[in-house]
Structure formats: C-alpha cells, structure tokens
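Naming convention: chains lettered A, B, ... in sequence-line order (proteins, then strands); numbering from 1 in each chain.
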Amino acid sequence: MIKPSPPQTIAELMQRVEAISGLTLGDLATQYQFKSPEHLLREKGWPGQLLEYVLGASAGSKPVPDFELLGIELKSLPIDYAGKPLETTYVSVVPLTNLTGIRWANSTVKKKLNHVLWLPVLAERDILPVDRTIGSGFLWQPSSAQQAALQRDWEEQIELIALGRVDEISGHLGQVMQIRPKAANSRVTTDAIGPAGKIIKTLPRGFYLKTNFTQSILMQEFKA
DNA sequence: CTTTGATCATGG
DNA sequence: CCATGATCAAAG
C-alpha cells in the first residue's frame, strides 16, 4: 500500500475520513504497513502519526497545518466509553521570549485552531492500541464564544509570561486552555523572561485544550 | 536541538 | 478518580 497523497479538496479529505470510521488503528496499520506497538509507553504519538499518514497529511514538524493545501489541522481525540475526552489536547509551544507586541490575533494558537479536523478514537486504557476504534471525524471552526474563551486564557497567561512570571504558571490556570510542560523531561530548559526582565532558564511549555473544552466541541457536534 | 505527535503516571 | 506535571519517539 503506497503512501496516500495530500487530499486536494475538503470533500476528498472527508471522504477518506468517513472511509476509516469504524476501523481500528490496527486495521490501518496492517493495511499501510505501519508498525503496531503493543503499548504506547514508548510511542505516545503513534495514533496521530498513523492517522496523519493514512489521510495524507504532510509529515514532519513544520509550522504549517497538517493539510497545508486546505489549511486544516488534524487532531486525534482519545475518548472513553462514554464519549468523553481522556486527555487534554496539545496545541502549540508557548512563546517565552520576544513577547513585545505579541497579540492573540497573530498567535500560533489562533492559527492552529482556525480549522481543525477532529478524529475521535475510542482509547480506553484497557483496549490495546491496535484494537482502538476510529470514530466519526468532523471539521470544526471555533465559534465567536469559543474564540473569546480561548483569547481570555491566552491573554491572561501570556501576560504573566511577559511580566517575567512564567514560573508562577501551572496547569491550574485557564478555563478552557492551560499551559503545561512540553519537553523530553523535566531537566530540559529554554530561555524565558524572568523577574526584573532578565533572561532565565525554564522548562519549555505548551498550550493544551482542557477536556471540558474538547468535550463541549464533541457535544456540539454529536448531541444536537 | 526544537517541534509535533501525544500519553503516562502519580499526588491530592 | 482525575488533572497536573513528566515523559518518549520521529523528523527536520
């Protein structure tokens, strides 16, 4: 099975999404000769990488949407038997320096979340990775209310960072989007603005969507 | 070395 | 039980 090429239209993308709904990750891995890990202890990104490949997303760690031509970002969303998200959703790296003049309107968070293809995967821990079933993927763009909530959390936390208070930030902040560590381990450091405006070393951070927010997106899509 | 893909795992 | 803090592999 050859590597799928990037979908040229949204219709083509959604056709592929519908085609894999109901299949397991193991089905796809076999079909596309992808590895099938027994557990995700050492390959936490496996579901996302497999789904990207199968749907024809551009590979790699580039600052562009997964489906560059369509401007769409792919996010797999692990859910439990009740359809609730099991994990927060990583969005992007948090900028910790050169924050002068930075604004929500130009932020990486806003860009990344402008148009998202959510792909739910039934991923309870007692289901082997290969046996996890893919659900119905759907396109989403934030409503004005959702945008506003994201903007509030972004501005509140970015302001703390700009004021040199990054080390006061914890995962408890934010109503719908939080900042948490995003690194290989807790010894990794990067530059940040410290107290008195001096550059300090701190743990790299990422923005994550809280499960209450992604759950509301699922409700909006599947309840009504 | 950094970003992207995320999930793991323990303290509260 | 669950969210926060910690962690892992691939790829550029």
Side-chain angles (χ1 to χ4, degrees), chain A residues 3 25 28-29 32-68 72-98 107-109 111-113 116-132 134-135 137 153 157 160 166-192 201-216:
Chain A
K3 178 182 172 67
L25 297 179
L28 292 182
Y32 290 90
Q33 302 181 320
F34 229 76
K35 69 164 80 173
S36 297
E38 291 183 30
H39 56 70
L40 302 181
L41 288 175
R42 297 191 174 280
E43 289 167 87
K44 301 180 179 182
W46 179 72
Q49 286 156 1
L50 172 63
L51 291 167
E52 279 191 343
Y53 183 90
V54 167
L55 294 177
S58 340
S61 53
K62 296 181 294 185
V64 295
D66 296 308
F67 302 102
E68 192 170 358
I72 292 172
E73 179 77 13
L74 173 65
K75 288 292 180 192
S76 69
L77 187 59
I79 57 173
D80 66 14
Y81 294 119
K84 282 182 46 182
L86 282 163
E87 296 285 350
T88 55
T89 301
Y90 172 70
V91 179
S92 65
V93 169
V94 177
L96 300 176
T97 57
N98 303 317
S107 68
T108 57
V109 171
K111 286 190 179 67
K112 287 233 179 186
L113 298 182
V116 176
L117 170 60
W118 293 103
L119 203 42
V121 177
L122 180 57
E124 289 274 8
R125 295 274 265 265
D126 62 8
I127 305 175
L128 292 174
V130 291
D131 291 332
R132 296 182 181 175
I134 300 160
D153 286 347
Q157 294 173 95
L160 276 178
V166 63
D167 286 335
E168 294 177 36
I169 290 179
S170 78
H172 298 91
L173 296 178
Q175 298 303 302
V176 300
M177 185 172 67
Q178 63 185 172
I179 288 178
R180 302 219 311 280
K182 176 62 171 165
N185 58 62
S186 60
R187 285 139 257 139
V188 177
T189 61
T190 191
D191 286 348
K201 288 293 187 181
T202 192
L203 192 53
R205 318 297 170 94
F207 283 111
Y208 295 80
L209 299 179
K210 300 184 69 169
T211 53
N212 63 354
F213 187 70
T214 48
Q215 182 177 10
S216 72

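Side-chain atoms of A/K44 come within donor-acceptor range of the base of C/dT7, with a qualifying N/O pair under 3.5 Å. In this model, a side-chain donor or acceptor of A/Y208 finds a partner on the base of B/dA6 within 3.5 Å. Between the side chain of A/K182 and the base of B/dG5, at least one donor-acceptor pair of N or O atoms lies under 3.5 Å.
Note: CH2 (A/W46) to P (C/dA11) measures 15 Å, nearest angstrom. Between the C1' atom of C/dA6 and the CD1 atom of A/I169 lies a distance of 18 Å, rounded to the nearest Å. In this structure, CZ of A/F207 is placed 16 Å from P of B/dG5, rounded to the nearest angstrom. Rounded to whole Å, atom P of B/dC8 lies 12 Å from atom CD1 of A/I127. Going from atom CD of A/E38 over to atom P of B/dT7 covers 18 Å, rounded to whole Å.
When the nucleotides C/dA6, C/dT7, B/dT4 are ranked by their closest atom to the side chain of A/R180, C/dA6 comes out on top. Set against C/dT4, B/dA9, B/dG5, the side chain of A/H172 has C/dT4 as its closest nucleotide. Distance from the side chain of A/R187 is smallest to C/dT7 among B/dC8, C/dT4, C/dT7. When each of B/dT7, B/dT4, C/dT4 is scored by its nearest atom to the side-chain atoms of A/P47, the top-ranked nucleotide is B/dT7.
In this structure, A/G45 reaches the bases: a heavy-atom distance under 4.0 Å links it to at least one base atom across the strands shown. Counting any heavy atom pair closer than 4.0 Å across all strands shown, A/R42 reaches sugar-phosphate atoms only and no base atom. Contacts of A/A123 with the nucleic acid, taken as non-hydrogen atoms under 4.0 Å apart, are absent. Within 4.0 Å of A/P78, counting heavy atoms only, lie sugar-phosphate atoms of the nucleic acid but no base atom. Among the heavy atoms of the strands, none lies under 4.0 Å from A/K84. Among the protein residues, A/T88 comes within range of the nucleic acid bases, having at least one heavy atom under 4.0 Å from a base atom. Using a 4.0 Å heavy-atom distance criterion, A/S170 is classed as a sugar-phosphate-only contact. No contact: A/R205 has no heavy atom under 4.0 Å from any strand.
A residue-by-residue look at A/E73 and A/T190 shows that A/T190 has its nearest nucleotide of DNA chain B further toward the 5' end. Heavy-atom distances to DNA chain C give each of A/L203 and A/L86 a nearest nucleotide, and the one nearer the 5′ end belongs to A/L86. Along DNA chain B, the nucleotide closest to A/R132 and the one closest to A/V93 are compared, and the more 5′ of them pairs with A/V93.
Taking side-chain N and O atoms only, A/S76 has a distance below 4.0 Å to OP1 or OP2 of B/dA6. A close approach under 4.0 Å does not occur between any side-chain nitrogen or oxygen of A/Q49 and OP1 or OP2 of B/dT4. For B/dG5, the OP1/OP2 oxygens have a side-chain nitrogen or oxygen of A/K75 closer than 4.0 Å. OP1 or OP2 of C/dT7 sits under 4.0 Å from a side-chain N or O of A/S186.
Partner A/R132 forms a side-chain contact (heavy atoms from CB on, under 4.5 Å) with one of A/L122, A/V121, A/I79 and no other, that one being A/V121. Of the listed residues (A/V176, A/I179, A/L173, A/V109), just one forms a side-chain contact (heavy atoms from CB on, under 4.5 Å) with A/D153, and that residue is A/V176.
Between A/F34 and A/Y53, the ring planes are tilted. Angles from 30° to 60° get that label.
A salt bridge is defined here as a Lys NZ or Arg NE, NH1 or NH2 lying under 4.0 Å from an Asp or Glu carboxylate O, and A/E43 with A/K35 meets this definition.
When only modelled atom types and interatomic distance are considered, A/D66 and A/S58 share no side-chain donor-acceptor pair under 3.5 Å. Counted by atom type alone, A/T88 and A/R180 present one or more donor-acceptor pairs between their side chains at under 3.5 Å.
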